[in-house]
Amino acid sequence: MAATLSVHLTYFNDSNTPQKAWHKHIKTGRTNRNSRIVNKQKVMKFGPFNRTQLNTVKALVEPEPSTCSLTRALCNIVDSGCMENALYLFEKMIQLDTYIRNTYIWNVMIRGCTNNGLFREAVDFYCRMGFEGVQGDNFTYPFVIKSCTGLLSLMEGQKVHAKLFKIGLDLDVYVSNSLIVMYAKMGYIEFAERVFREMPVRDLVSWNSMISGYVASGDGCSSLMCFYEMQALGMKPDRFSMISALGACSLEYRLHCGKEIHCQVLKCGFELDVMVQTSIIDMYGKCDMMDYAERLFDRISPRNVVAWNAMIGGYAQSSHFLESLAFLRKMQDGDKLNPDIITMINVLPSCAQLQALLEGKSVHGYAIRKGFLPHPVLETALVDMYGECGKLDMAERAYGRMTKKNLISWNAMLAAYVQNGWNNKALVLFQDIWHQPFKPDAFTFASILPAYSESATLREGKQIHGFIMKSELGTNTFILNSIVYMYAKCGDIGAAREVFDRMLHRDVISWNTIIMAYAIHGFGRFSVQLFSEMKEKGFKPNESTFVSLLSSCSISGMVEEGWEYYNSMKRDYGIDPGIEHYGCMLDLIGRTGNLELAKIFIDEISLFPTARIWGSLLTASRNNQNIELAELSARHILSLEHDNTGCYVLLSNMYAEAGRWEDVERLKCLMIKEGLEKTKGCSVVEINSRTCRFINNDRSHAETNMIYDVLDIIMRKIGEDIFVHSFTKFRPLDLRKNRANSPQKHSVRLAISFGLISTTIGSPILVRKNTRICEDCHIVAKKISEITRREIIVGDSKVFHHFRDGHCSCRDYW
DNA sequence: CTAGGGTTAG
């Protein structure tokens, strides 16, 4: 007795994992006696170890097996889930001639493995069965197919499917139904359809399998069509059909259909079924009808975690984030239920949207304590939550720890970078695509394109455009809109227009985007023209349309048109101006130099003035040399956003221009106290597909001497003009010498100079910089465009300046 | 003697 026991126990230890041992055993059919003592935990993986049961098993087979009761015993052991005991008995049994060809006991073993999630083992058993010359029957295959489904292995599944034709089981209803489910769950819905189509007889389960199969493949419409077609053929749907059809309604947000099925549920008397109830709640939640869902939920009794999850998820999806968190609390306090992994996944988006970092962290902590991690979906939700809460380091850590990264988690990390303005990190992560087994999707591009708009060079922009055109998303309106904007921001307004013109389907956003594209390039006439075209084509302008349009009027100095559009917005389109519209109008007023009007305008705004509003006034004050108003604006801005670096810099420049050095020094100290640093100016120019980056006083470039020489020659040539012009708006000439950072060596000039010597005569030069261009560089750029007869395009952090023949598209106001 | 379909998820 002791000897056999040890044989049994040590068996699992002849390799590192129980699974491995199990495979080996099934393949060889032999046990290995040369092993160490069993690790109990590993055995436990195969189900609860039951010593009493094992003794009973031994009593059955040793010394004299009592033949007739063996099969029944095997069945009982398998049902108890103790597969290693079942295996022991099974091995003894097939040593007897009576049992080796008994299909039934093989089926029992395969069933046991399948039901216990040992899919690989089930399939191995099936293979061994064939090897032993025992043929599978109509009972064998549903289990084997289910195991193939669990393995998500199309190859194994198709091998089994092929065998079915050979032995003539391909038309068996049970087997075919299993095949439908298998193909659908693996994502090969057309294979499932084919199996279904070729069935000579279909029963209720066949239809249900198709209805749920379509839902699994994300095609709610086909699922519902199937649901109705089945009824047209006189088949009465049962609770399984209802549950799947409700899932289809959720998928397609078909409230009407959902209500209809809800009625059917009541008529058929399924309304007390918890699963049906949960499906209905989910449907109402997805259709944004949480009041219906809650009314139903209140009547469920007893309520389980799944129902609670559906409520929590429903509230999160319909943007009722506080309710979602409240339900989590109620679930624990009221029903004394423990949240599971799905609860966590449902509640994290609510924490994210509420920026409730504390709640998000406690969910994270709970997940750790409960041992829910690692779990790819949960980890992705955590990355998303930390990203939304602005805790990029936490998001990065959560992402870095993931063992099973996939497209969605990768997208979440990208989005986190982009949302927090870490565009360069996003671009670096995006390059990872070449090492990943998955392909980017619409979400990827939607996330990454704004990062390209902000931080990429035109060349990189063209690359991503090409990449997208080669994917199946080349005609996606949403993504093409982002590409239009990206080209505009990368400096190529022509390319932006070309993409826009070639779009198959334009929506309002497409028009808004192209109007804005012309706006930031200072081509207000084109914006206005496109606005009329848009109206002619029957598109209804929305709030954003007017933001684009008013921005364009202000940037291009089209004051009258601006007021006209502003007035028509409310009058003709019933759109109340929002804070952005007020901001654009302030820019416009500021441009006219009427600061009094600007102040009055702010007072009359019906909304609370944001930092952006005061920022407009600050810019206007600066351009009109009104230090008092600038100080007032700055105070307002800093009370709202104490870390607004740009505000400090602008005011400091104004003090410098006025020679108030002690104030400059004071601001400098304030900035240091706040822990702020002036953004380092940096200009980028692309030459022969190489990106060259310059900072102020840069001497790192290989051709530095040449760059400075050329700059010197140009400056000398235009020096007299500069002297004449440089009284400019508000700068005493001698001040330039006092400035620590002389404009003589500003990064833009270095970039332009390098552009001039590295490109063919006559071709335009494109420079992009991260801060606003300064007055001096603006004048110099105009002169360079004149004397070199080149078009120079400089994109600063707000607009693109097109310098040509000594003039700039911004008409010297920016 | 054994079989097939179902609820919540980034």
Side-chain angles (χ1 to χ4, degrees), chain A residues 68 71-72 74-76 78-79 102-112 114-115 136-146 149 169 172-182 184-185 202-213 215-216 237-247 250 270 273-283 285-286 300 304-314 316-317 339-349 352 375-385 387 398-399 402 404-413 415 443:
Chain A
C68 60
T71 313
R72 184 164 297 274
L74 182 69
C75 232
N76 289 336
V78 164
D79 286 341
N102 183 335
T103 313
Y104 177 68
I105 64 161
W106 286 93
N107 291 350
V108 169
M109 286 308 284
I110 295 173
R111 171 168 67 102
T114 306
N115 292 342
D137 61 10
N138 52 327
F139 292 106
T140 319
Y141 282 93
F143 292 125
V144 176
I145 294 166
K146 195 174 180 179
T149 313
L169 274 174
D172 181 275
V173 187
Y174 280 83
V175 173
S176 299
N177 291 345
S178 308
L179 284 172
I180 291 173
V181 174
M182 176 186 81
K185 285 202 178 154
R202 299 176 193 106
D203 65 3
L204 184 56
V205 179
S206 321
W207 285 95
N208 287 347
S209 303
M210 280 314 289
I211 297 170
S212 73
V215 174
D238 64 358
R239 27 193 293 280
F240 290 95
S241 332
M242 304 283 185
I243 290 166
S244 300
L246 284 163
S250 304
F270 298 141
D273 184 303
V274 199
M275 282 189 188
V276 175
Q277 286 170 323
T278 309
S279 300
I280 297 173
I281 287 175
D282 176 60
M283 182 273 294
K286 296 263 161 60
I300 303 183
N304 60 16
V305 191
V306 182
W308 279 99
N309 287 349
M311 284 303 288
I312 293 170
Q317 293 222 327
D340 66 1
I341 294 187
I342 294 173
T343 320
M344 310 281 95
I345 293 166
N346 277 335
V347 87
L348 278 170
H375 183 285
V377 180
L378 181 55
E379 285 166 308
T380 304
L382 285 168
V383 170
D384 179 64
M385 184 272 294
Y399 179 74
M402 285 184 74
K404 283 183 182 161
K405 297 192 180 84
N406 58 27
L407 176 63
I408 303 172
S409 53
W410 186 65
N411 281 347
M413 194 62 231
F443 290 101

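Since the model is a prediction, treat every value here as computed from it, not as a measurement. In what follows, chains are A, B, ... by sequence order, proteins preceding strands, each numbered from 1.
Using a 4.0 Å cut-off, some side-chain N or O of A:Lys286 falls inside it from OP1 or OP2 of B:dA9.
Checked against side-chain hydrogen bond (donor to acceptor under 3.5 Å, both in side chains), A:Asn304 has no partners two or more places apart in sequence or in another chain. Applying the salt bridge (Lys or Arg N to Asp or Glu O under 4.0 Å) test to A:Asp203 and every residue at least two apart in sequence or in another chain returns nothing.
Residue A:Asn304 is classed as having no contact, given no heavy-atom separation below 4.0 Å to the nucleic acid. Residue contacts shown for A:Val181 are limited to sugar-phosphate atoms, with no base heavy atom under 4.0 Å away. As judged by a 4.0 angstrom heavy-atom cut-off over every strand, A:Leu204 is placed among the base-contacting residues. Nucleic acid contact class of A:Asn411 (heavy atoms, under 4.0 Å, all strands): none. Residue contacts shown for A:Val276 are absent, as no nucleic acid heavy atom lies under 4.0 Å away. Backbone-only engagement by A:Asn346 is indicated by non-hydrogen atom pairs under 4.0 Å involving sugar-phosphate atoms exclusively. Within the nucleic acid shown, A:Asn406 comes within 4.0 Å of at least one base atom, counting heavy atoms only. Here A:Tyr141 lies out of heavy-atom contact (under 4.0 Å) with every strand.
Side chain to side chain, A:Thr103 and A:Asp137 fail the donor-acceptor criterion of an N or O pair below 3.5 Å. With hydrogens and angles left out, the side-chain atoms of A:Asn346 and A:Thr343 include no donor and acceptor closer than 3.5 Å.
Distance, A:Asp137 CG to B:dA3 P: 12 Å, rounded to whole Å.
Once the 5.5 Å centre distance and the 30° plane angle are applied, the aromatic ring of A:Phe139 is found not to be stacked with the base of B:dA3.
You won't find any donor-acceptor pair under 3.5 Å spanning the side chain of A:Ser178 and the base of B:dG4, going by distance alone. At a cut-off of 3.5 angstrom, counting only N and O atoms as typed in the model, there is no donor on one side facing an acceptor on the other between the side-chain of A:Ser279 and the base of B:dT7. Within 3.5 Å, no donor on the side chain of A:Asn208 pairs with an acceptor on the base of B:dG4, nor the reverse.
Comparing B:dG5, B:dG4, B:dT7 by their closest approach to the side chain of A:Asn177 singles out B:dG4.
When all heavy atoms of A:Phe143 and A:Thr114 are compared, the closest pair comes out as O-OG1, 3.5 Å.
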